[in-house]
2 protein chains.
Amino acid sequence: MSTPSRFKKDKEIIAEYESQVKEIRAQLVEQQKCLEQQTEMRVQLLQDLQDFFRKKAEIETEYSRNLEKLAERFMAKTRSTKDHQQYKKDQNLLSPVNCWYLLLNQVRRESKDHATLSDIYLNNVIMRFMQISEDSTRMFKKSKEIAFQLHEDLMKVLNELYTVMKTYHMYHAESISAESKLKEAERQEEKQIGRSGDPVFNIRLEERHQRRSSVKKIEKMKEKRQAKYSENKLKSIKARNEYLLTLEATNASVFKYYIHDLSDLIDCCDLGYHASLNRALRTYLSAEYNLETSRHEGLDIIENAVDNLEPRSDKQRFMEMYPTAFCPPMKFEFQSHMGDEVCQVSAQQPVQAELMLRYQQLQSRLATLKIENEEVKKTSEATLQTIQDMVTIEDYDVSECFQHSRSTESVKSTVSETYLSKPSIAKRRANQQETEQFYFMKLREYLEGSNLITKLQAKHDLLQRTLGEGHRAEYMTTRPPNVPPKPQKHRKSRPRSQYNAKLFNGDLETFVKDSGQVIPLIVESCVRFINLYGLQHQGIFRVSGSQVEVNDIKNSFERGENPLADDQSNHDINSVAGVLKLYFRGLENPLFPKERFHDLISCIKLPHMHLK
Amino acid sequence: MSTPSRFKKDKEIIAEYESQVKEIRAQLVEQQKCLEQQTEMRVQLLQDLQDFFRKKAEIETEYSRNLEKLAERFMAKTRSTKDHQQYKKDQNLLSPVNCWYLLLNQVRRESKDHATLSDIYLNNVIMRFMQISEDSTRMFKKSKEIAFQLHEDLMKVLNELYTVMKTYHMYHAESISAESKLKEAERQEEKQIGRSGDPVFNIRLEERHQRRSSVKKIEKMKEKRQAKYSENKLKSIKARNEYLLTLEATNASVFKYYIHDLSDLIDCCDLGYHASLNRALRTYLSAEYNLETSRHEGLDIIENAVDNLEPRSDKQRFMEMYPTAFCPPMKFEFQSHMGDEVCQVSAQQPVQAELMLRYQQLQSRLATLKIENEEVKKTSEATLQTIQDMVTIEDYDVSECFQHSRSTESVKSTVSETYLSKPSIAKRRANQQETEQFYFMKLREYLEGSNLITKLQAKHDLLQRTLGEGHRAEYMTTRPPNVPPKPQKHRKSRPRSQYNAKLFNGDLETFVKDSGQVIPLIVESCVRFINLYGLQHQGIFRVSGSQVEVNDIKNSFERGENPLADDQSNHDINSVAGVLKLYFRGLENPLFPKERFHDLISCIKLPHMHLK
């Protein structure tokens, strides 16, 4: 009380304390509000996600339905075509038709996958978001209960602090007042002693007596006050100790709440939120990635079919489809007139010289024609190559159209500009058609020339054979050497090769020319069979098969059949290999011609071959 | 004429020839028809492809527009939210909101990509098919012209054969007739000679004269017929030769046409067809593959964001968003009452024993409480782990839904059955909520216990300090040892740590408690800085930095600032390392406590450590 301006008044302290507590209380309310707001935002976000996926499911369903309709429309149209009937029969399609079928399949696949996507959105993803929303609300409520309890505890602690602080103030005030009373008593005593210390002898006895009792009284009072002060002092100390201890406990509690409990409360609200959201979004991602994989598989199948767009096999199939139109006709046979027994060019004396002259003329004419036609052929081939280059330029990469869609800005107008720019396309096409024109002109020229050459060559070859025979006319038959004699009487009585030329023990070139098979069926069929079943077979081409079976297969081939056509390996692989060996061994002119045999052998014997 | 049944009559031969030619003619017509039909089928296929892609482009456009609308709808909604404002400001989103934004972005990306796809269909793929259709028709026309020419040539050859065959027949017939006449003459001559060989003497002279002139006449006629026969014979031989030569040439021509020219004609029709179709389909494939790549990129971005769904950083951000709600309040300070100069628990004689007793009681009470609460904590943590396991099960793989879509049969009903089967979900959720209930009960129990412990522990620690001081009361200040004395007068005059506890040369635990920083900023910041710039630096932690800079950084940290916050390495890495070393070196209680030092050292000295 001596320096009232230096110390805070009780009221000030209380007011300060109360404002501090009020602030904390406000914060607690604010915290709860924040958590509530967070939960509301979460619920809103989850609602948005549900709405979003519901709407997207609708879009996917519609997309799927449209694709389905598209596929169905063209499928129905295709099912009625001749191609489809054919397809059902032998599963063998022209390569462009195959691509077309796969395109339709891909659309159906996409349709199904987008329907599945929609289904997953509706029945899985959205359900998850609903549950997360429920969970978030529940977690918030539970954590609110806990928060309420924690706030109550905190308030109790703060109230306790208030109480002990007030107690301290009270006891301290009492202690101060006791102390001041004690001091007053001491002062009085001193005064008394000071007065009695004055000329004692001057004082009257009764006065002295009076004084003594007064001193005693003062002493007694002082003692009393001393006791009172000590008592209050101790109380004050204890109260201060209690205050200090409670202060420490309060600060510890408040900080525990702010540093740990608050964080725990937020964790309670969050419990499972991120993990469940993670799972829901991963379900979405899984669906999308799987859709992508499926789509990619389909595209790969189409790409494979596009790789197999091939004119050669289509041509083969096309010709097989119309055998009556494309099967070569019978040869024109020599029709002998009224028992004319000579069916061979006659080169006896009277005509020999003339034939010889004609032969020589043909020879020189052919030489010229061939040179000329070779030139035309070269030009035509070069032109064809140019066209091939034109029609195979790799102008189909459209990645750049998707490039900009990855950047944020939409530059849509460039799409139609960059690829297939109209003027350049028109120019390219005009150029292509001009080249075509030239190609067809040259091709025509070439075909005409080669037709003439074929005709003259046939005559030339026949004359050559005839004139050659003329020199050894004595021991010659009247038939050409490579065409086996056909006794007409026996034609139907024994199983003959359906081919005009010999298959086994014949001439390969003649056979190819006559049969029209670029590779003789026997070679193709045996190689295919060995390729299918024989590559892992030990001793293939070394171990000999059954002679009976070899003969069976051989005869079957002779009759023009294909005994190895069905895809079952009901033939001994060694027998099949045996047939192939037999065929090659029997060839009139071996694959490696006799006249080249020694050259080939000497090639191998060369000590150092410079392989470059 | 002697055996008319054995030889074919001229008429038969002609008829046979004509039927053979007719057959060829029919085949040629048939071939042309086949090629025409093939071209028609191609044009039809290309028309179908165009229709197909036109319709698909429509579907893609509609899909794209729907997606665009979807994205726009939610974007507009989101743009107005507080989160979005925040996002625009600091680009820092709560992780679920980030996922949501990316989802919307993905939809926009898909929308754009499908629009591009549609554009490519319309402006590129369809155009290509149109051109191929045009080309096919043109090629067919050109090859038709060539075919016409070839057929004409072939007919000429066949006509020639007919002519030479007829010529042969004629000359041969003449030769036969001449031969028979000659033979008749020979017979007559023989008869004449036979008659004159008879009894010559019986004949009259005039008769003999008559006979002689008749013999001469016959002889003359025979000679004449002989000449005629020879002439006709030669003509016949020449005609037969010509016939044979022409026959050879005809057969060669026919076979050339069937084997080579026909194939060339088909090639002409095919010219560029497969290659152009290939390019058109590859354009489609390129567009689809690029769409897929773009989509995949977007999904990967989302997946990355889903990986980063993280409660910890979201909590941090959440608390930063509301600093007033979550900032710890001021400490409650000791309010001395009316000049009470003691601000410390007094442990002088009168209360010492009591405090000691209370301290001991607190100690034993705390020990019991801690044991009890530790049990509760363990139970609560185990329960939390169970919940974590429940909310993180990997149940989001939906590949199986797409499995069947790859097979041909649609088994759509299984989709909703296999995943998220309703009863099992309900059971799982019930189980989860029960576990939650238990967890929250235990958590509450634990929090109550730990709150009590915090309070008592604070009192206990204060008493411990006080009583400990009691023993060395003489040289002690009245302040607690770890709180540096705060001379109020100098408060503003010298730069002080903003923290109550000491940072440098202080106690780590006290600092962590007081500052609320789980990891002191100085440690986090220095480690981050070294991590960013120092890992490749030679001599880091060995070479000492600039002492001036070390002091600067140290003082900055003391003031509560973060001198290493900006991302520029304008500090010497050695100085930063020096600050970190200085901090750890100065800690009152080293990281490896002194009392454990010798144990740790003796650990290292163990000869064989069984690492298991």
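These numbers were taken from a predicted model, which means no experiment stands behind them.
Contact between A/Val97 and B/Leu45 at its shortest, heavy atoms only, is N-CD2, 4.3 Å. Between B/Tyr258 and A/Pro329, the shortest heavy-atom distance links the atoms CE1-CD, 3.2 Å. Closest non-hydrogen pair, B/Tyr322 versus A/Cys34, comes out as CG-SG, 3.4 Å. B/Gln20 and A/Met330 get closest at one heavy-atom pair: NE2-O, 3.3 Å. Residues A/Ser286 and B/Ser399 share a closest heavy-atom pair of OG-N, 4.1 Å. For the pair B/Ala252 and A/Ala458, the tightest heavy-atom approach, listed with the atom from each and the gap, is CB-CB, 3.6 Å.
Both the backbone and the side chain of B/Ser450 come within contact range of chain A, with heavy atoms under 4.5 Å apart. In this structure, the portions of B/Leu67 lying under 4.5 Å from any heavy atom of chain A include both its backbone and its side chain. Contacts between B/Ser276 and chain A at a heavy-atom distance below 4.5 Å involve backbone atoms as well as side-chain atoms. For B/Asn66, the parts lying under 4.5 angstrom from a heavy atom of chain A are both the backbone and the side chain. Of the atoms belonging to B/Arg429, it is side-chain heavy atoms, and not backbone ones, that fall under 4.5 Å from chain A. Within the 4.5 angstrom heavy-atom criterion, only side-chain atoms of B/Glu62, from C-beta onward, approach chain A. Only the side chain of B/Ile24 comes within less than 4.5 Å of a heavy atom in chain A; its backbone stays farther off. Contact of B/Asp314 with chain A is made through the side chain alone, with heavy-atom distances under 4.5 Å. For B/Lys459, the parts sitting under 4.5 Å from any heavy atom of chain A are the backbone and the side chain alike. If you measure heavy-atom distances from B/Leu49 to chain A, the contacts under 4.5 Å come from both the backbone and the side chain.
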Original post:
Yes or no on salt bridge (Lys or Arg N to Asp or Glu O under 4.0 Å) for A/Arg282 and B/Glu394, after CA distance, side-chain angles and deciding distance?
Top reply: CA-CA 9 Å; A/Arg282 271 189 202 287; B/Glu394 303 193 347; over 6 Å; no

Subject >> Full working for salt bridge (Lys or Arg N to Asp or Glu O under 4.0 Å) between A/Asp270 and B/Lys315 >> reply: CA-CA 9 Å; A/Asp270 284 351; B/Lys315 183 164 77 180; over 6 Å; no

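Put simply, the side chain of A/Asn451 does not reach to within 4.5 Å of the side chain of B/Val157, judged on heavy atoms. You'll find the side chain of A/Ile120 reaches within 4.5 Å of the side chain of B/Cys401, heavy atoms only. In this structure, the side chains of B/Val391 and A/Leu271 stay at 4.5 Å or more apart for every pair of heavy atoms. B/Pro328 has its side chain out of reach of A/Val254: every pair of non-hydrogen atoms, C-beta onward, lies at least 4.5 Å apart.
With values rounded to the nearest 0.5 angstrom, A/Asn251 atom CG is found 13.0 Å from B/Phe334 atom CZ.
Options B/Asp264, B/Asp267, B/Thr250 differ in how many heavy-atom pairs under 4.5 Å they form with chain A, and the most are formed by B/Asp267. Of the residues considered (B/Arg240, B/Lys55, B/Arg444), B/Arg240 shows the highest number of contacts with chain A, using heavy-atom pairs under 4.5 Å. When B/Leu150, B/Ile237, B/Leu247 are compared by the number of non-hydrogen pairs under 4.5 Å with chain A, B/Leu247 comes out ahead. When each of B/Leu161, B/Asp10, B/Asp153, B/Asp461 is scored by its heavy-atom pairs under 4.5 Å with chain A, the top score falls to B/Asp10.
Side-chain atoms of B/Gln27 come within 3.5 Å of backbone N or O of A/Thr324 as a donor-acceptor pair. In terms of modelled atom types and a separation under 3.5 Å, the side chain of A/Tyr168 and the main chain of B/His337 share a donor-acceptor contact. With hydrogens and angles disregarded, a donor-acceptor distance shorter than 3.5 Å links the side chain of B/Tyr243 to the backbone of A/Gln335. Without hydrogens or angle criteria, A/His274 side chain to B/Leu309 main chain gives no donor-acceptor distance under 3.5 Å. Using modelled atom types, no side-chain atom of A/Asn290 and backbone atom of B/Phe402 make a donor-acceptor pair closer than 3.5 Å. B/Tyr289 places no side-chain N or O within 3.5 Å of a backbone atom of A/His296 that could act as its donor or acceptor partner.
Put simply, the residue from A/Leu462, A/Leu463, A/Leu355 that forms a side chain to side chain contact (heavy atoms under 4.5 Å, CB included) with B/Asn241 is A/Leu355.
Taking the side-chain hydrogen bond (donor to acceptor under 3.5 Å, both in side chains) definition, one finds that A/Lys455 meets it with nothing, sequence neighbours left out. Remark: B/Phe326 engages B/Phe318 in a ring-ring contact (aromatic ring centres under 6.0 Å, His included) (not counting sequence neighbours).
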